[in-house]
Each structure stands twice: as C-alpha cells, then as structure tokens.
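The figures that follow rest on heavy atoms only: side chains count, while hydrogens, waters and symmetry mates do not. Numbers here simply count residues along the sequence, with the first being 1. Worth saying up front: this structure is predicted, and the values here are computed from it rather than measured.
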Amino acid sequence: MPPVPISPIKVGHIDDVQELRKTKPRTIPQRFVRDLTERPTLTTPLPPPHSDMPVIDFSKLSKGNKEEVLTELFNLATACEEWGFFQVINHEIDLNLLESIENLSREFFMLPLEEKQKYPMAPGTVQGYGQAFVFSEDQKLDWCNMFALGIEPQYVRNPNLWPKKPEKFSETVEEYSGEIRKLCYNLLTYIALGLGLKGDEFEEMFGVSVQAVRMNYYPPCSRPDLVLGLSPHSDGSALTVLQQAKGGPVGLQILKDNTWVPIQPIPNALVINIGDTIEVRPPLHFFSFFYSVYKTFSYIT
C-alpha cells in the first residue's frame, strides 16, 4: 500500500466497512454509531417505497409532438419546483452501458483491500477510495465505501487515482460519463425552457461545467438501526444523476414535506436530483427550485 498523502487535516483511524463486515461482522465501531437524534427509525415491516416521485419521459421532450413537449416541460418544471427530484425514463443511454458501469463498480469494490488502497482519498479531498468530506477525528462516518473521480474539465483529474483494475475501467467510465454529461446538458436545456428562459440560459450562466463520478458500496450491517449508509445532505451541483443497483434494497430516501420518504427506483430509470446551484431569476418573477435533501440507509441481510 502506498503512503497516504500528507495532509494537515487529522481524521483519525477510519475502518473499512467491507473489511469490518468480513472480519468482525457484529462490530460497529463508535465512529459509525449515530447520535440518538440521527438514528434511522426502523419498523417491521419497512414502510412501502414511495411511488409518487415525478417521472419524466425524456423521449417526449426530445422526439414528441408539440403538445407532448409542452406537457412534459410543464411536468419537468413542476417536478423541479415541488420535489427537487424526478426519475427520467427513455433517457437514450444504452442500457448495456448502465449494466456495464454497475458491474464495473461491483468488481472494483470486490477487489482485495490492498488493491483499492493504491488509490487513497487524501483527508479533506473527494477523489480516490475512502470516506469523503471527513475533516476531524470526532466526525461520524457513513456505513459506506466510496470511490470518486474528477472527470471534466481535464484539469480536475488525478491520473494516479484511475485504477488499472478491473479491466477496461477507464474506457467504461469515460463512455458512461460522456453519456451522462450529454443527458445533463439536455435536461438543463429543457428545464430552462420550462421556466420560459432561453435553452442555453444555464450553459451561459455556469460556463465551464465540472463533472465527477462517485461509486458507493453499502455493505450489510448487523445493526442498521445505529448507522446511516449516507448522511443527510444536499448536493451543491446543478444536477446529480443517481443510478441505483438492480435488485438492491430500497435505500434512497428524500426529505419531502419534512418527512423522509423511501423511493422505489423504476427499472432502467435514472434518478435526477436538482442541486443547490440552480436558482434563477426570470424577468418577471422569482423562481427557486425545491431545496432537495437525501440520505441512504444500509440494511442487514
């Protein structure tokens, strides 16, 4: 294992949750145990996933007739304003590519720890393998392993953190990121049109866009009532695209009307989160998108 980059930030010892699951399956280190007010409220059976999250049919925006386009633009603007989240179907991204990136992610996390630790995330940074946004030794940790890479523009990349394994990792991530970037550009255009703005309004506003990819793995936990897979947070981005693994438990929850709502993913759909960056002022009125917050649970097997 190469030495972890030197950093003035002291984060203390951080256990790898996959290794904990293997070697000490019943042990939950104190740094992962949430305060009483933060702990998830688990009931048996679990509450049913919410099915009312807006669904946007991308094909109606890109290929529909005038009436379909206008209707879907209205649905899109309403989803952004009232939810801050929506699922997009018929997004024109090859489903084989979605499957490939999911398999690739799983293969990476199944590598030996020594191999993954060749790409360490330095304290206070957000690229590499490890736990993101850890800034102190007392900070509570997520029950999650994470791997993240800067994608665009080129200067945000750290070539030393791009894995050699699994095979074709770089090529697949490049292709996937390109398709996701194209989808986001198109969605931002349609969101702008739904607000009565020019289609390139956000492109002009943001200038050079920054893109990153993040892969999360949530090992089962023997005490899911004590931990969170991902802490409650909002995203500072314009758009976040969430791809959830097929056949996995429903872990994503969003804060809607002061209630945490579990979301049932639609097969082959992508979940879109409106980040904090999008707040626009059209000529005649003030329009602010819903401030969207979400978290992820980890479940026992």
Side-chain angles (χ1 to χ4, degrees), residues 46-64 68-106 151 172-173 175-194 211-218 229-230 233-235 237-256 260-275 278 289-290 292-297 299:
L46 294 171
H50 207 286
S51 59
D52 292 339
M53 176 190 278
V55 177
I56 301 300
D57 189 336
F58 185 82
S59 66
K60 290 182 179 179
L61 293 169
S62 63
K63 301 175 182 176
E68 288 176 327
V69 171
L70 290 176
T71 298
E72 210 64 10
L73 284 175
F74 174 79
N75 293 338
L76 177 59
T78 302
C80 293
E81 184 176 9
E82 296 182 359
W83 281 76
F85 276 88
F86 58 89
Q87 297 195 62
V88 60
I89 60 174
N90 299 322
H91 41 65
E92 301 179 358
I93 298 178
D94 190 335
L95 299 183
N96 290 326
L97 180 58
L98 297 186
E99 184 176 358
S100 292
I101 199 70
E102 183 179 321
N103 291 338
L104 192 81
S105 174
R106 185 180 296 107
I151 303 294
T172 306
V173 169
E175 182 181 1
Y176 177 80
S177 299
E179 291 297 311
I180 294 295
R181 185 162 59 253
K182 182 166 62 175
L183 174 64
C184 287
Y185 279 134
N186 287 328
L187 286 174
L188 287 172
T189 297
Y190 294 128
I191 289 171
L193 293 173
Q211 182 186 15
V213 62
R214 171 170 168 170
M215 304 173 182
N216 292 346
Y217 181 78
Y218 307 99
L230 198 62
H233 68 285
S234 62
D235 289 340
S237 59
L239 296 178
T240 298
V241 180
L242 302 172
Q243 179 180 338
Q244 301 185 79
K246 291 181 181 179
V250 176
L252 174 66
Q253 295 199 350
I254 70 172
L255 189 63
K256 178 75 167 74
W260 286 106
V261 180
I263 299 300
Q264 177 67 57
I266 298 173
N268 300 321
L270 296 169
V271 176
I272 310 297
N273 171 27
I274 302 299
I278 298 187
F289 283 127
F290 193 95
S292 46
V293 181
Y294 64 101
K295 64 182 178 181
T296 305
F297 286 106
Y299 293 102

Side chain to side chain contact (heavy atoms under 4.5 Å, CB included) for Asn273 and Phe86? Distances and angles first, verdict last.
CA-CA 7 Å; Asn273 171 27; Phe86 58 89; over 6 Å; no

If we ignore hydrogens and angles and just use 3.5 Å, is the side chain of Asp235 paired with the main-chain N or O of Ser237 as donor and acceptor?
no

Would you name the heavy atoms of Gln244 and Pro265 that are closest together and state the gap between them?
NE2-CB, 3.4 Å

Of all heavy-atom pairs linking Gly194 and Ala77, the shortest is O-CB, 4.0 Å

Looking only at heavy atoms, what is the nearest atom pair of Tyr218 and Gly229, with distance?
CE2-O, 3.4 Å

Leu104 side, atom CG; Thr172 side, atom OG1 - distance, nearest 0.5 Å:
5.0 Å

Qualifying residue for side-chain contact (heavy atoms from CB on, under 4.5 Å) with Gln87, from Ile56, Ile272, Ile263:
Ile263

Interatomic distance, CD1@Ile180 vs OG1@Thr240, rounded to 0.5 Å, equals 11.0 Å

Any side-chain heavy-atom pair of Thr71 and Lys60 under 4.5 Å:
no

Once rounded to the nearest 0.5 Å, what's the spacing between atom CZ of Arg214 and atom CD1 of Ile151?
14.0 Å

Can you measure from CD (Glu92) to CD (Glu179) and round to the nearest 0.5 angstrom?
9.5 Å

Pair Thr189, Leu193 - check side chain to side chain contact (heavy atoms under 4.5 Å, CB included), show working.
CA-CA 6 Å; Thr189 297; Leu193 293 173; 4.2 Å; yes

Would Glu175 and Leu97 satisfy side chain to side chain contact (heavy atoms under 4.5 Å, CB included), going step by step from the backbone distance to the final call?
CA-CA 8 Å; Glu175 182 181 1; Leu97 180 58; 3.9 Å; yes

Steps toward side chain to side chain contact (heavy atoms under 4.5 Å, CB included) verdict (Leu270, Leu183):
CA-CA 10 Å; Leu270 296 169; Leu183 174 64; 3.9 Å; yes

Heavy-atom nearest pair, Cys80 first then Ile274, reads SG-CD1, 3.6 Å

Find out whether His91 and Leu98 are in side-chain contact, i.e. whether some heavy atom of one side chain is under 4.5 Å from a heavy atom of the other.
yes

Using side-chain heavy atoms (C-beta onward) and a distance below 4.5 Å, is Val241 in contact with Cys184?
yes

Between Ser62 and Ser59, is there a side-chain donor-acceptor contact under 3.5 Å, judged purely by atom types and distance?
no

Determine yes or no for a side-chain-to-main-chain donor-acceptor pair under 3.5 angstrom, with Ser105 supplying the side chain and Ile101 the backbone.
no

Would you say the side-chain atoms of Gln243 and Tyr176 include a donor-acceptor pair closer than 3.5 Å?
yes

Output for pair (Phe58 CZ, Leu61 CG), nearest 0.5 Å, gives 7.0 Å

Which atom pair, heavy atoms only, marks the closest approach of Glu72 to Val55?
OE2-O, 4.0 Å

What distance separates Lys256 NZ from Met53 CE, expressed to the nearest 0.5 Å?
10.5 Å

Do the non-hydrogen side-chain atoms of Gln211 and Ser177 ever get within less than 4.5 Å of each other?
yes

